[in-house]
Amino acid sequence: MRFPRARRITQRRDFQRVRRKGHSYRGRHMILGVLADESIRSLRVGYITTKRLGNAVTRVGVRRRLRGILQRHGAGVKPGHWLVMVAFTSSANATSAELESDWVKLAQRAQLLEMPDETSTRVQA
């Protein structure tokens, strides 16, 4: 799942809106900020990687891994949410699998992931 510029959170006021009006879920390697709103139709995502993580190469690497996680799981996220992922310093040394595991746990706690329909998974006789 690709995220065009229109589906990215880039403005400071939008990041602040998620922080003020949304809920935060703290994980081992990141904080997941979630804003659910009925008027929001699509998923929008923002990433925060501060200089505490390391140099520019390190920060870009962390953002790429976070984007990769969302590309794999983004289709399962309920529509109408804004997400902000804030990376901790531990995420710079974490593996992609550790980051993905942390994100999935946070998404489940935030009840972001749509549950598969039981009738579609049932085998027809």
Side-chain angles (χ1 to χ4, degrees):
M1 171 180 230
R2 303 247 334 140
F3 286 94
R5 188 158 180 83
R7 295 187 62 191
R8 293 184 220 151
I9 298 175
T10 57
Q11 300 290 319
R12 179 181 165 94
R13 68 175 184 259
D14 293 335
F15 281 100
Q16 288 177 338
R17 180 179 174 194
V18 173
R19 185 169 181 207
R20 272 187 274 114
K21 295 183 179 179
H23 297 282
S24 295
Y25 302 91
R26 183 185 173 100
R28 188 170 174 205
H29 300 291
M30 71 184 85
I31 292 176
L32 179 63
V34 179
L35 175 64
D37 191 352
E38 295 297 324
S39 64
I40 302 171
R41 292 192 175 176
S42 64
L43 175 67
R44 288 190 68 196
V45 182
Y47 305 94
I48 298 176
T49 52
T50 64
K51 288 186 178 182
R52 290 182 191 177
L53 285 174
N55 61 15
V57 174
T58 304
R59 294 192 307 269
V60 168
V62 170
R63 277 195 301 272
R64 281 185 179 174
R65 288 188 285 162
L66 292 175
R67 279 197 307 266
I69 291 166
L70 208 57
Q71 285 177 349
R72 287 188 291 279
H73 296 281
V77 174
K78 295 176 186 175
H81 288 86
W82 284 9
L83 306 178
V84 173
M85 290 184 247
V86 183
F88 292 154
T89 54
S90 64
S91 63
N93 298 323
T95 64
S96 294
E98 290 173 334
L99 286 176
E100 188 164 357
S101 167
D102 197 29
W103 188 87
V104 169
K105 287 177 187 174
L106 293 174
Q108 287 173 344
R109 275 199 332 204
Q111 298 177 351
L112 282 177
L113 301 177
E114 292 180 324
M115 299 310 250
D117 187 15
E118 290 180 17
T119 58
S120 64
T121 59
R122 224 178 277 159
V123 177
Q124 298 291 328

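Basis for what follows: all heavy atoms, side chains included, without hydrogens, waters or symmetry-related copies. Please read these numbers as outputs of a predicted model, since none were measured by experiment.
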#### Entry: Arg17 side chain near Gln11 side chain, heavy-atom distance below 4.5 Å
no
### Message
Within this structure, what is the CE-CD1 distance for the pair Met30 and Ile48, rounded to the nearest 0.5 Å?
### Response
13.0 Å
### Message
So, taking the atom named CD in Gln108 and the one named CH2 in Trp103, what distance separates them when rounded to the nearest 0.5 Å?
### Response
9.5 Å
#### Entry: Under the side chain to side chain contact (heavy atoms under 4.5 Å, CB included) test, residues paired with Arg64 that sit two or more places apart
Val60, Arg67
### Summary
When Ile31, Leu112, Val34 are each screened for side-chain contact (heavy atoms from CB on, under 4.5 Å) with Tyr25, the one that passes is Val34
### Task
Check side chain to side chain contact (heavy atoms under 4.5 Å, CB included) between Lys105 and all other residues, then give those that pass, not counting sequence neighbours.
Ser101
### Query
What closest approach, in Å, do Ser96 and Arg65 show between heavy atoms, and which atom pair accounts for it?
OG-CD, 3.1 Å
### Message
Are more than 12 heavy atoms, taken from residues, nucleotides or ligands other than Gln16, located less than 6.0 Å from that residue's CD atom?
### Response
yes
### Asp102 side-chain N/O to Arg28 backbone N/O, donor-acceptor pair under 3.5 Å
yes
### Message
Before you tell me yes or no, could you show the steps for Leu32 and Arg109 under side-chain contact (heavy atoms from CB on, under 4.5 Å), namely the whole-Å CA-CA distance, both residues' side-chain angles and the distance that decides it to 0.1 Å?
### Response
CA-CA 10 Å; Leu32 179 63; Arg109 275 199 332 204; over 6 Å; no
### Task
May I ask you to decide if Arg8's main-chain N or O and Arg44's side chain share a donor-acceptor pair within less than 3.5 Å?
yes
## Note on the structure
The reported gap from CD1 in Ile9 to CH2 in Trp82 (rounded to nearest 0.5 angstrom) is 6.0 Å
### Message
So, taking the atom named OG in Ser91 and the one named CE in Met85, what distance separates them when rounded to the nearest 0.5 Å?
### Response
11.5 Å
### Tyr47: which of Leu83, Leu70, Val84 passes side-chain contact (heavy atoms from CB on, under 4.5 Å)
Leu70
### Message
Please determine whether the number of non-hydrogen atoms from other residues, nucleotides or ligands lying under 6.0 Å from atom CZ of Arg52 exceeds 12.
### Response
no
### Query
Hey, what do you get for NZ (Lys21) to CG (Leu35), rounding to the nearest 0.5 Å?
7.5 Å
### Query
Does the Arg19 side chain pair with the main chain of Ser24, one donor and one acceptor, at a distance under 3.5 Å?
no
### Summary
Output for pair (Lys78 NZ, Leu113 CG), nearest 0.5 Å, gives 8.5 Å
### Query
side chain to side chain contact (heavy atoms under 4.5 Å, CB included) with Arg59: which residues, sequence neighbours excluded?
Thr49, Lys51, Leu53, Ala56, Arg63
